[in-house]
Every structure is written in structure tokens, then in C-alpha cells.
**Student:** 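Let me begin by handing over the structure; questions about it come next.
We count residues from 1, following the sequence as given. Numbering of ligands and ligand atoms starts at 1, following listing order.
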Amino acid sequence: MSRNSHEKTLAALGVTQAEQVAPLFAHLLSQANADLNAANSAETFEKFRVHWFGRKAGVVTLVGDNWLKPAVRELKPAVGQELNKFKAQLEARMEARRAAIESGAEQAVSAKDRVELSLPGVLRPIGSRHLIRQVFQEIEDIFVSIGFSVVEGPEIETPYYNFEALNIPEFHPVRDDMDTFYVEAANESGSQTPPGSLLLRTHTSPVQIRTMERQKPPVRVIVPGKVYRRDNPDATHSFMFHQIEGLAVDTDITFCDFTGTIEYFVKQYFGPSVKTRFRPSYFPFTEPSVEFDVSCIFCGGSGAAANGTTCGKCKGSEWIELFGAGMVDPAVYGFVNYDAKKLSGFAFGMGMDRLAMLKYGIDDIQAFFQNDVRFLKQFP
Ligand code: PHE
């Protein structure tokens, strides 16, 4: 019997006797079972449902339209009974199939999502603090232990704070050493700042001014931070590097307090066996100004390397230049409304990168900024 028997009437199928009706439905049911067994997913099941039970053109509807309705009197009861039986049987099987497909889908999903607890898992490398950060912390700890507090200031500065208020007027020759990057940015109201009115600070010294503007003496602060200069990169230069500024101002601070503080710091940082010395120097915002040196930490201040040749680090000079410092120039107090007659103080500005390089034996400042994991891993 053909697959589309339900599209014809019983008369057209040659069914005239009641006995012929049951085999007709049996055949239909075997077709439906075959279709149902092939439906193994939600999509194929839905196709099955539409084909057999679709309201308008499903097989069951068509059987009703083509077989039952036009059936002759003698056949109608048999066709009606068989059709009801057929529907009930097929519906029961269909429900069972639907349940099987749904639970199968659930199992498939949970198998995919299941966590395999015996696998070793993904070990993600744990990062560490950059050496520069570690050294900042080390130096901050030393100064905090003797009564200094830590403050910070902006990296984008005005020429006033970076130069003028530090007693460096326009066209002063030291500005040549501190050539920097000028930035033009939109200010709060959205308009462009005039050219030359903002720069990347060349040192942390502007925070001296900002601190004294903000608080009355006594002042004891250190200022860690990034600074910028128009330098070409090489083993000892970078257009961005780090400084730590120090400032102490009070009514009775002497040059002795100054050298004593520096010496304490240097011995804490490099170890008690190092010696310090200072040489006269010049900064517009300190008077007198000095350059602090430490006895060479590589040759122990002897000037000679282990094999008897000249120490390559201090070049036989026995000393290594550390940083600039001095007593605060009274002119600076004038910019912050401090009484220069009553107050005195000292300031220093240390190159952080240099201090880290000396202590940890690093000979190229660029290593700090290349972020090569092989380098970083050495300072966990
Ligand atoms: N700001 C100076 C520099 O960057 C260093 C310094 C700071 C010198 C404080 C004296 C006092 O070169």
C-alpha cells in the first residue's frame, strides 16, 4: 500500500468490507512507528509531530477527512473505532519518545559541562611587584620610620610649579637640562589649553611647592613618582624615569640634620659599611647645594676590582655619585608664604632607577621598561 493512502477515499482504495479497515490502520501505524523511531532530536521530533498530527494537513486530519467523513454507512463505525485506537496508540508512543529525547539532551549537556576533578587544572603564573615598586616601598619604609610621610603630585604640571616657584625663571640656563614634553589638553570647560602652559614634570620637586602651599611647617615628606625629560634612551637614560623627592622644613633644621638624615638613609639602604660624602653643587632651589656620593658598592670603595684591575663601576674613583640635594633656598619660601627668616630646611631628589640599578647590579635602565619576564622573574 502506498505511503499516501490517507489522501484517497476508502472507495478509491477499494475498501468495501469492514474487515478491510483494521489492516489499513495497522499499515498506517507501522509507517508512523518507523517515522517515530527515526525522530531522535527535538527538531526531527517536531517534524514528525507536524506530519502526523498537524491540525490542517497532518495524516490524522486527512484520514478523518478522506476516510471517515465520506465513508459509507456500513463502514463508518469500524473506521471511527480504528481511527480512535490509532490516535491513542500513536499519541502514547509519541509521548514516550518525547520524554526519551528530552532526557537524552539533558544527559548530553551535563556530560559536556561536567568538571573533571582529577585533571591537574590550569596553573596561571602569579605576577609580582615590579622591582621599581619594590624599591619605592623599601625607600618609603626607611623614611617613614624616621617621621616622614609620603605624598604624591601630578605628572602633568604647569611651568610655574615645575620651574618658576622653584626659583627657575624663564630663560634660566638650567631649563636646558630639563627640556621636556609640553602637552596641550582640553581643560574642564572643554577648551584647549594654550601652548606651553602644561608639561610633563621634569622632576618631583614641584611637589615641594604644592606641599608647602597646602600645609604649614613643620614639613617632612617624601614624594615618589614618575618624571620625564627629553632624553634619548640608552643604558643610563630614559625619557621617563622615577624619582623620590624629600623635603624637611622646620624652625631649627641645620645642615647637620640634613647630612645625618641622608647618611642614615644611605646606610639603611646599601648597608652599614658604606661611606658617604658630599661635594658642592648647584640647584636654583637649594643653597648651598650638594651632590651626595656613596663609596663604591662594587669594589668596597677601594677603586680596584677583585682581579686587581680598576673597578669598572666607579672607574677607580672609589665613589659613586648618588643624588642632588641641599638646604632649601630662602627664595623658594617666598613663593609659598613661608617666613624665610624663621624657617630652614633641606631637600633632596634621588633617581630611583639609579638607586635600584646600583643595589641590584643592573647595568641597563631599559631593562626596567622592557618588561621581559626573564628579567622580572629575578625579582619575585
Ligand atoms: N630636582 C633635582 C633634579 O631632578 C634634584 C634635587 C631635588 C636637588 C631637591 C636638590 C633638592 O635634578
**Student:** Step by step, would you call Lys275 with Asp293 a salt bridge (charged side-chain N to carboxylate O under 4.0 Å, His left out)?
**Tutor:** CA-CA 8 Å; Lys275 292 195 286 280; Asp293 295 347; over 6 Å; no
**Student:** Can you tell me if CZ on Phe239 sees more than 12 non-hydrogen neighbours from other groups inside 6.0 Å?
**Tutor:** no
**Student:** Side chain of Gln134, backbone of Arg129: donor and acceptor closer than 3.5 Å?
**Tutor:** yes
**Student:** State which residues pass ring pair (Phe, Tyr, Trp, His ring centres under 6.0 Å) with Phe379; sequence neighbours excluded, sorted by chain then number.
**Tutor:** Tyr360, Phe375
**Student:** Could you pull out every donor-acceptor pair under 3.5 Å between side chains of residues 311-318 and any protein atom, sequence neighbours left out?
**Tutor:**
from	atom 1	to	atom 2	distance (Å)
Ser317	OG	Cys314	O	2.8
Ser317	OG	Trp319	N	3.4
Ser317	OG	Trp319	O	3.0

**Student:** At less than 3.5 Å, what protein N or O atoms come close to the N or O atoms of ligand 1? Include the distances to 0.1 Å.
**Tutor:**
from	atom 1	to	atom 2	distance (Å)
ligand 1	1 (N)	His203	ND1	2.9
ligand 1	1 (N)	Ser205	OG	2.9
ligand 1	4 (O)	Arg229	NH2	2.9
ligand 1	4 (O)	Gln243	NE2	2.9

**Student:** Mind checking what makes salt bridge (Lys or Arg N to Asp or Glu O under 4.0 Å) contact with Arg97, not counting sequence neighbours?
**Tutor:** none
